[in-house]
Amino acid sequence: MTTLTISARQPFSFLSVVNSHGWVQLAPFNFDKGTETLTYILRLSSGRVLDLILLAAPGGVRVETDDLGPAEEDEISRTVAWMLALDQDFSAFYAEARKEPKLAHVEAKAQGRVLRSPTLFEDVVKTILTTNTLWAATKRMTANLVEQFGDPLPGDPDRKAFPTPERLAASTPEALKNGTRVGYRAPYVHELAVRVASGELDLEALKGFDLPTPELRKRLLAIKGVGAYAAANLLMILGRYDFLPVDSWALKVVSHEWHDGQPIGKAEVESAFERWGAFKGLAYWFWDWAYFHQEK
DNA sequence: GGTAGACCTGGACGC
DNA sequence: GCGTCCAGGTCTACC
């Protein structure tokens with residue numbers, strides 16, 4: 001067994017990242033609340049499938065997995081650093097958040113990071129699977145996708161990695177739809193897989209691109225199945241917070257926060273966070289909503 | 001540039 | 001039981 005300890009830019013809270021959004025509930029992630037252990041079935045670039053066990057450690061995170069070669073160790077360190085956004089700096093956001101009682105908690109809790117999948121491909125697919133459906137269905141669709149098309153973990157083949165673009169591209173929209181119950185999203189997922197697998201679309205390159213956010217957003221919106229909400233969600237994952245992922249949940253919490261629970265539209269959500277500029281997404285995401293404090 | 005209508009799926013709800 | 005509605009929206013056609 002190998003144990004790696006990876007340091008994070010401070011302040012850092014392992015649990016704040018894990019609980020930053022629902023991603024932790026999507027396969028091949030799993031979180032054990034009792035032991036506060038995050039597991040993830042990772043497929044390395046070599047094709048080797050490993051079970052990563054992640055735990056909080058002083059100054060960062062501890063990773064336990066099978067015996068590794070030096071190159072694999074390096075790949076896992078880089079992957080985990082991306083997944084937990086270990087290098088991200090939120091000091092400018094915290095400076096603004098200190099002036100807002102509804103965000104007073106973020107610095108002490110080291111909030112700001114959002115949990116990411118190893119590849120942007122996986123996060124785009126998962127985001128498409130969150131659209132126009134219930135969260136329970138998103139979890140089911142993702143689990144089905146992993147179960148049907150993921151590479152198995154040696155020694156425990158019931159546990160599988162997230163499918164590669166190549167594997168999904170080799171399938172058909174019909175097989176995807178019938179096997180995973182993703183419904184009308186099947187052609188979107190398949191087309192994305194084909195474009196990525198063929199090399200036409202280099203999604204992973206977008207991680208490091210220094211493009212202005214509107215240009216990055218255009219690239220994301222060019223993906224079938226990715227609209228305004230999905231693009232904003234993916235921009236958050238890419239560390240850009242200029243756009244709000246306005247969904248039915250946003251309409252609900254903003255309505256209860258400032259409009260007495262009355263029906264509102266996207267414009268009201270945008271207007272509520274306009275003043276946060278480049279930190280819009282963060283302010284929205286980590287806001288201490290009144291909705292959480294009332295009887296529901 | 002803005003907006004109806006259709007869209008897989010499967011729980012929740014009303015009858 | 002059965003029909004309708006709708007959910008962490010997006011696309012297309014049409015204006």
Side-chain angles (χ1 to χ4, degrees), chain A residues 18-27 29 114-117 120 122-149 168 171-195 201 203 214 217-238 240-241 243-257 259 261-273 280-292 296:
Chain A
V18 168
N19 295 315
S20 57
H21 58 152
W23 254 215
V24 67
Q25 300 170 35
L26 300 180
F29 278 111
V114 291
L115 186 65
R116 304 148 150 173
S117 304
L120 193 56
E122 181 174 332
D123 277 339
V124 174
V125 171
K126 285 174 172 175
T127 300
I128 289 174
L129 299 188
T130 66
T131 58
N132 193 28
T133 192
L134 297 166
W135 179 245
T138 299
K139 290 198 278 187
R140 185 171 48 243
M141 289 187 271
T142 309
N144 289 343
L145 206 57
V146 169
E147 166 59 30
Q148 299 282 320
F149 298 99
L168 293 178
S171 180
T172 63
E174 292 71 30
L176 265 176
K177 183 177 171 183
N178 296 333
T180 63
R181 316 304 290 162
V182 297
Y184 68 89
R185 301 165 194 83
Y188 301 156
V189 172
H190 186 257
E191 182 183 313
L192 176 68
V194 168
R195 292 179 65 202
L201 177 63
L203 269 184
R217 181 168 178 267
K218 269 188 207 165
R219 307 264 184 121
L220 294 169
L221 288 173
I223 299 168
K224 279 274 182 61
V226 173
Y229 155 78
N233 190 56
L234 290 163
L235 284 173
M236 290 273 294
I237 282 170
L238 287 167
R240 311 292 185 100
Y241 314 106
F243 292 88
L244 293 172
V246 181
D247 52 15
S248 56
W249 174 251
L251 298 179
K252 183 189 286 185
V253 291
V254 170
S255 166
H256 280 87
E257 191 77 13
H259 300 276
Q262 296 304 305
I264 60 166
K266 188 176 174 180
E268 283 81 0
V269 179
E270 300 283 0
S271 142
F273 286 93
K280 240 180 263 178
L282 287 173
Y284 161 72
W285 202 254
F286 295 103
W287 198 259
D288 183 21
W289 300 106
Y291 183 73
F292 289 136
K296 294 192 279 290

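Every chain is numbered from 1 and lettered A, B, ... according to where its sequence line falls, protein lines coming before strand lines.
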Which sits closer to the 5' end of DNA chain C, W285(A) or I223(A), going by the nucleotide each is nearest to? W285(A)
Residue mapping more 5' on DNA chain C - nearest nucleotide basis, G225(A) or W249(A): W249(A)
Partner nucleotide of dC8(B) by Watson-Crick or wobble geometry (both distances under 3.5 Å): none
Residue [X], side-chain atoms from C-beta onward, closest of [options]:
X: K224(A); options: dG10(B), dT12(C), dG9(C); value: dT12(C)
X: W135(A); options: dG11(B), dG8(C), dG9(C); value: dG8(C)
X: Y184(A); options: dC8(B), dT10(C), dG8(C); value: dC8(B)
X: T130(A); options: dG8(C), dC8(B), dT10(C); value: dG8(C)
X: Y188(A); options: dC11(C), dT9(B), dC7(B); value: dC11(C)

Tell me the interatomic distance from [X], atom [atom1], to [N], atom [atom2], rounded to whole angstroms.
X: I128(A); N: dA7(C); atom1: CD1; atom2: C1'; result: 17 Å
X: L251(A); N: dC6(C); atom1: CG; atom2: P; result: 14 Å
X: N233(A); N: dG9(C); atom1: CG; atom2: P; result: 11 Å
X: L221(A); N: dG1(B); atom1: CG; atom2: C1'; result: 15 Å
X: L26(A); N: dG8(C); atom1: CG; atom2: P; result: 14 Å
X: L134(A); N: dG8(C); atom1: CG; atom2: P; result: 6 Å
X: K266(A); N: dG8(C); atom1: NZ; atom2: C1'; result: 14 Å
X: N132(A); N: dC8(B); atom1: CG; atom2: P; result: 11 Å

Span that lies between the P atom of dA13(C) and that of dC8(B), in whole angstrom: 15 Å
P atom, dG8(C) versus dG2(B): distance in rounded Å? 26 Å
Between the main-chain N or O of H256(A) and the side-chain N or O of W289(A), is there a donor-acceptor pair closer than 3.5 Å? no
Under 4.0 Å between a side-chain N or O of [X] and OP1 or OP2 of [N]?
X: K126(A); N: dG8(C); answer: no
X: S248(A); N: dG9(C); answer: yes
X: R185(A); N: dT9(B); answer: no
X: R181(A); N: dG10(B); answer: yes

Touch class at under 4.0 angstrom, heavy-atom based, for V246(A) against every strand present: nothing
So which atom in Y291(A) and which in E257(A) form the shortest heavy-atom distance, rounded to 0.1 Å? N-OE1, 4.5 Å
Parallel, tilted or perpendicular, as decided by the 30° and 60° cut-offs, for the rings of Y184(A) and Y188(A): perpendicular
